Amino acid sequence: MVKNLVIVESPAKAKTIEKFLGKDFTVLSSFGHVRDLSKKDLSVDIEKGFIPNYEISADKKKTVSELKKKAKEAEMVWLATDEDREGEAISWHLVEALQIDEKKTKRIVFHEITKNAILEAIENPRSIDHHLVDAQQARRVLDRLVGYELSPVLWKKVKPALSAGRVQSVAVRLIVEREDEIKSFVTDSAFRVTAVFEVPGKSPVSILNAELNKRFKTADEAKKFLLKCATAGFKVDTVEKKPASKSPAPPFTTSTLQQEASRKLGYSVAKTMMVAQQLYESGHITYMRTDSVNLSSLALSMAKKVIEKNYGENYIKTRQFVTKSKSAQEAHEAIRPTYLDRQEISGDNSQKRLYELIWKRTIASQMAEAKLEKTNIIISISTTSESFVARGEVITFDGFLKVYLESTDDEDAEVQKGMLPTVTKGDQLQRKEILAVERFTQPPPRYTEASLVKKMEELGIGRPSTYAPTISTIQKREYVVKEDRQGEDRNYTYLELLDKTVKEEIKTEKTRFEKSKLFPTDIGTVVNNFLVEYFVKILDYSFTADVEIQFDEIARGEKAWSEMIKDFYTPFHVTVENTLATSKKQSGERLLGVDPESGKNIYAKIGRYGPIVQIGETTDEDKPKFAGMKKGQSIETINLDEAIDLFKLPREVGTYEDEPLVVALGRFGPYVRHVNKFFSLEKTDDPMSITAERAIELIDKKRLKDKENTISEFPEDDTLKVLKGRYGAYISQGKNNFRIPKGKVAEELTYEDCLAIIEAAPTKKGFKKK
DNA sequence: CAGTGAGCGAGCTTCCGCTTGACTT
């Protein structure tokens with residue numbers, strides 16, 4: 001018999017809270033939302049005023065029936081879901097789905113998971129805020145209407161199975177537009193002059209690095225300047241010293257954790273979230289999906305103690321940070337270690353590293369500012385009015401820097417400034433080296449997963465729980481790809497002042513190497529340009545912010561949610577209809593030139609399965625010929641010769657065991673086919689030039705691997721095998737696979753055993769997914 | 001896991017936000 005049933009969203013939270021409440025309380029979790037709009041169709045009755053058709057989510061049926069049973073027994077149901085729009089809605093959906101009388105419920109909220117906070121929450125219950133629930137329903141219905149009306153437009157006008165939505169389409173837009181900026185960027189260059197001076201009369205030799213206070217547009221100007229320096233004297237003109245200080249960054253939110261883990265540990269956002277989830281479940285950190293930088297009073301006092309013990313009292317500075325982001329809903333604390341006195345934890349390497357990062361960031365946020373002394377030394381040149389400047393920085397008190405320094409996205413950041421030698425006004429300096437090197441302006445950087453999340457957060461698009469899934473969706477739809485791309489060679493002019501002359505050299509450097517950056521694909525570009533043209537409003541960077549203002553009005557009870565949705569939907573739906581009626585099929589088609597063999601046009605465009613090249617017109621009586629593109633090729637960059645090459649596939653490269661070896665491009669990349677078996681080429685193999693020897697090598701390698709994975713084979717049926725797979729042994733027959741029942745040993749299975757298992761296996765059709 | 005791409009047409013695809021296991025064969 002349950003007296004009081006408390007329902008929270010997360011099972012880990014339930015476990016913790018149960019310890020704080022006496023035995024009169026049972027704490028269970030809903031595992032997030034329990035009901036949603038049906039996936040099958042729109043599930044919004046537009047005619048009747050946008051009535052949503054909710055159903056219990058397939059994976060929540062069990063949870064709901066258990067909660068329902070317990071709720072029935074309980075005298076009181078305490079709805080303790082998160083204090084935000086979604087949390088309020090979850091509470092309401094629970095009341096509906098569990099069919100409890102709302103009078104038998106109390107709504108409670110707490111910001112930190114401490115005994116006091118929870119007991120206080122129990123003392124101050126309220127009822128469900130139906131205005132807030134309505135704001136969530138508006139959000140949900142708007143997203144459904146946008147997603148389920150826009151996506152089918154893409155199926156008709158671009159390619160089946162594509163998707164569009166309020167969040168993902170804007171994320172793609174950011175990447176496509178950044179690429180456009182990079183393409184249209186005009187590189188400019190100027191000569192940066194640097195000098196190395198020796199301060200005379202010091203032992204050991206004292207060196208001063210300085211930079212000229214201006215840059216020269218041309219090599220001639222730079223050369224002229226260097227020649228002036230040849231005969232010049234250099235003198236310390238002024239020495240300026242300024243104190244400065246640096247403050248620590250606030251503790252982690254989901255977005256900043258993803259950014260720092262990406263920069264410092266090289267984790268993808270998905271990996272960061274996976275590891276953080278493990279840390280959360282093992283009780284090491286607080287909740288990892290949050291937009292709040294707030295720390296509980298308990299955490300603040302713990303931090304103070306730890307800092308005092310480890311670093312001393314003068315390193316303490318207790319701070320409460322305020323969340324800047326407007327979209328923040330602050331249902332949780334910042335991400336921090338549960339026990340700040342634990343600097344290290346047990347776990348695997350990924351967990352240890354992420355935990356360490358979180359620990360340092362949290363502790364540093366409660367530490368004193370670093371004190372610096374910045375020094376500028378201005379060096380005059382006797383033959384000209386320009387001057388050199390040497391900048392130095394000395395840490396006089398390290399403060400939080402003892403523990404942690406936030407990294408930046410800026411890849412071209414200056415090298416760290418160091419200490420400068422002591423000089424005084426009037427000192428003569430000896431020139432050791434003066435260089436003028438041509439430097440180039442940089443186009444804006446491409447997004448990484450983490451810098452895209454940062455941008456999305458700034459725009460208020462997406463939530464902590466959706467950043468990682470959204471980034472995976474836009475890659476799964478093949479709108480963007482994450483990859484490394486080599487920089488290109490670029491020449492620059494290098495001028496060095498010798499004794500009385502200037503040495504000029506042309507040197508070569510690589511342009512920026514792009515590591516794990518997001519690039520738009522052809523499909524991403526075509527879809528984005530189409531959506532931006534026809535659905536300006538949805539694709540506008542401020543669309544989400546605009547609707548959020550209205551959701552807030554609904555939450556305050558100033559507006560009915562169905563009215564807001566009606567105002568949005570009526571013109572939106574007209575646009576959808578007009579677009580379907582008037583827009584052409586979007587293929588991104590580009591004419592590459594004329595095929596010398598047939599005299600027909602060759603085009604690059606998007607086909608049903610991705611980018612293709614085409615010889616001839618689709619309107620011709622003769623069917624045009626098609627060929628898929630290789631990885632790395634794109635409609636925009638492919639040239640005529642490369643396109644003609646693609647039609648050379650499939651090609652026979654030789655024979656093996658008296659059977660032909662055929663190389664071609666498939667859905668999953670280049671392969672060699674041999675007796676109806678496919679063998680993937682490796683990254684370094686080029687389908688255009690691969691030899692029979694290499695193809696045979698690949699085949700033998702694959703055969704050996706298959707053999708190693710084979711546990712048993714049977715003379716009765718050569719399509720039937722017992723194999724070793726990722727998840728253990730299984731039975732394979734032709735294209736079907738079957739699991740081996742528990743208690744049977746794979747190695748001992750006979751042919752008859754296998755047949756019996758296959759016979760007993762549930763048929764695929766009867767096994768409906770979800 | 002793969003050999004297509006027009007056309008015909010049925011039947012399918014799709015959103016965002018909250019949360020984890022069950023499961024992969």
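Chain letters run A, B, ... following the sequence lines, proteins first, then strands; residues in each count from 1. If you're wondering where the values come from, they're calculated on a predicted model, not measured in any experiment.
- Taking every heavy atom of both residues into account, A/I638 and A/R590 meet most closely at O-NH2, 2.7 Å.
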Donor-acceptor list for residues 646-655 of chain A side chains, cut-off 3.5 Å, not counting sequence neighbours:
{"from": "A/K648", "atom 1": "NZ", "to": "A/D645", "atom 2": "OD1", "distance (Å)": "2.8"}
{"from": "A/R651", "atom 1": "NH1", "to": "A/P687", "atom 2": "O", "distance (Å)": "2.4"}
{"from": "A/R651", "atom 1": "NH1", "to": "A/M688", "atom 2": "O", "distance (Å)": "3.1"}
{"from": "A/R651", "atom 1": "NH2", "to": "A/M688", "atom 2": "O", "distance (Å)": "3.4"}

key: Secondary-structure notation, DNA chain B, from Watson-Crick and G-U pairs under 3.5 angstrom (| other strand)   = .........................
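- In this structure, A/K600 places its NZ atom where more than 12 heavy-atom neighbours from other residues, nucleotides or ligands lie under 6.0 Å away.
- The interatomic distance linking A/K13 (NZ) with B/dT20 (C1') rounds to 15 Å, in whole Å.
- In this structure, CD1 of A/I602 is placed 16 Å from C1' of B/dG5, rounded to the nearest angstrom.
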ask   = How does each nucleotide of nucleotides 9-19 of chain B score, in 5' to 3' order, for protein heavy atoms under 4.0 Å: base (B), sugar-phosphate only (S), or none (-)?
value = ----BBBBBBB
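- In this entry the distance linking CD of A/E281 with C1' of B/dT20 reads 7 Å, nearest Å.
- Computed from coordinates, the A/K623 NZ to B/dG7 C1' distance equals 9 Å when rounded to whole Å.
- Separating the CG atom of A/L28 from the C1' atom of B/dT20 is a distance of 15 Å, rounded to the nearest angstrom.
- Per the geometry, NZ belonging to A/K61 stands 16 Å off C1' belonging to B/dA22, to the nearest Å.
- Sorted by first and then second residue, the salt bridge (charged side-chain N to carboxylate O under 4.0 Å, His left out) pairs with a member in residues 279-292 of chain A read A/D291-A/R463; sequence neighbours excluded.
- In terms of heavy-atom proximity, A/T575 sits nearest to A/Y534 at CG2-O, 3.3 Å.
- Separating the CD1 atom of A/I615 from the C1' atom of B/dA6 is a distance of 15 Å, rounded to the nearest angstrom.
- Closest of all the heavy-atom pairs between A/R107 and A/T81 is NH1-O, 2.9 Å.
- Under the salt bridge (charged side-chain N to carboxylate O under 4.0 Å, His left out) criterion, A/D685 pairs with A/R694, sequence neighbours left out.
- Sorted by first then second residue, the salt bridge (charged side-chain N to carboxylate O under 4.0 Å, His left out) pairs that include residues 155-170 of chain A, not counting sequence neighbours, are A/D143-A/R166.
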